[in-house]
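Hydrogens, waters and symmetry mates play no part in the numbers below; they use all other heavy atoms, side chains included.
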Amino acid sequence: MQTKEQKRSQFALEQISAHFNDRVDEETANFIVGMPTMILTNGLGQSMAFLLSKKDPQGKYGRVFDIIRTWLEQDFQELGVPSKMEFLKQFSRLDQSVYLTAQKEALAVLQWLKRYARAFQQ
């Protein structure tokens with residue numbers, strides 16, 4: 001049986017492979033490294049809205065949005081909705097304690113994503 005930390009690590013590694021083909025450019029790696037600070041400064045909801053506002057579904061913003069969303073949907077059933085807009089709407093409706101738990105979980109998975117982004121930086 002895997003620990004939650006092992007699951008986060010495995011997920012982050014799989015996402016680096018799937019979204020970046022095991023090669024992360026320096027600009028994207030730097031952006032991923034800065035994501036936790038953005039979340040701590042602005043909150044997860046605003047940070048997710050920022051990622052979506054960049055309108056680059058195949059670029060670094062869209063990919064990071066998708067990675068965080070996919071991870072959160074595993075633990076928070078209410079976030080498992082078909083569209084990105086519905087995801088943000090559902091996110092804004094969360095009870096404060098659930099919101100903070102989701103934010104904490106996003107920060108935890110980002111720690112692994114940061115490590116792997118640097119490890120596979122080109």
CE on Met35 to CD1 on Ile67, rounded to 0.5 Å: 10.5 Å
Okay, side chain of Gln46, backbone of Gly43: is any donor-acceptor separation there less than 3.5 Å? no
Hey, are Gln10 and Glu14 close enough side-chain-wise for a donor-acceptor pair under 3.5 Å? yes
Is it true that, when you exclude Lys4 itself, more than 12 heavy atoms of the residues, nucleotides or ligands shown sit nearer than 6.0 Å to its NZ? yes
What is the minimum heavy-atom distance between Ile32 and Lys114, and which atoms define it? O-CG, 3.6 Å
Spell out, as yes or no, whether a donor-acceptor pair under 3.5 Å connects the side chain of Ser17 to the backbone of Leu13. no
For Ser83 and Arg69 the tightest heavy-atom approach is O-NH2, 3.6 Å
Just so I know, are the side chains of Phe76 and Leu94 near enough to count as touching, which here means a heavy-atom distance under 4.5 Å? no
Is it the case that the side chains of Tyr116 and Ser9 hold a donor-acceptor pair, with the cut-off being a distance below 3.5 Å and no angle test? yes
Scan Lys60, Met48, Lys54 and name whichever one has a side-chain contact (heavy atoms from CB on, under 4.5 Å) with Phe65. Met48
Tyr61 and Phe31: aromatic ring centres closer than 6.0 Å? yes
Leu113 CG to Arg63 CZ distance, which is reported to the nearest 0.5 Å: 12.0 Å
Minimum heavy-atom separation for Gln122 and Asp22, please, with both atom names. NE2-O, 4.3 Å
Determine the minimum heavy-atom distance between Ala106 and Ile68, stating which atoms define it. CB-CG2, 4.1 Å
Could you tell me the separation between the CD atom of Gln15 and the CG atom of Asp66, rounded to the nearest 0.5 Å? 8.5 Å
Flag side-chain contact, heavy atom, 4.5 Å: Phe11 against Gln74: yes
What's the verdict on side chain to side chain contact (heavy atoms under 4.5 Å, CB included) for Leu52 and Phe87, showing C-alpha distance, side-chain angles and the deciding distance? CA-CA 11 Å; Leu52 197 55; Phe87 174 83; over 6 Å; no
Determine whether the side chains of Trp112 and Glu5 contain a donor N or O and an acceptor N or O closer than 3.5 Å. yes
Roughly how far, to the nearest 0.5 Å, is the CZ atom of Phe20 from the CD atom of Gln121? 12.0 Å
Tell me if a side-chain donor or acceptor on Arg23 pairs with a main-chain N or O of Phe120 at a distance below 3.5 Å. no
Please check if the number of heavy atoms outside Gln77 that lie under 6.0 Å from its CD is greater than 12. no
Do you know which two heavy atoms are closest between Asn42 and Ser47, and how far apart they sit? CB-OG, 4.1 Å
So do Arg118 and Asn30 actually touch side chain to side chain, heavy atoms under 4.5 Å? yes
Can you tell me how far apart CD (Gln103) and CG (Leu40) are? Round to the nearest 0.5 Å. 6.5 Å
Hey, could you give me the CG/OG1 distance between Leu79 and Thr70, rounded to the nearest 0.5 Å? 11.5 Å
Using modelled atom types and a 3.5 Å cut-off, is there a donor and acceptor pairing between side-chain atoms of Thr41 and backbone atoms of Thr37? yes
Does this structure show an ion pair linking Lys7 with Asp75, if we count only N-O contacts that are shorter than 4.0 Å? no
Between Tyr99 and Gly45, which heavy-atom pair has the shortest distance, and what is it? OH-N, 2.9 Å
Looking at side-chain heavy atoms only, is the closest gap between Val81 and Lys89 below 4.5 Å? no
Shared hydrophobic cluster for Val33 and Leu44 (ILVMFWY, side-chain gaps under 4.5 Å): no
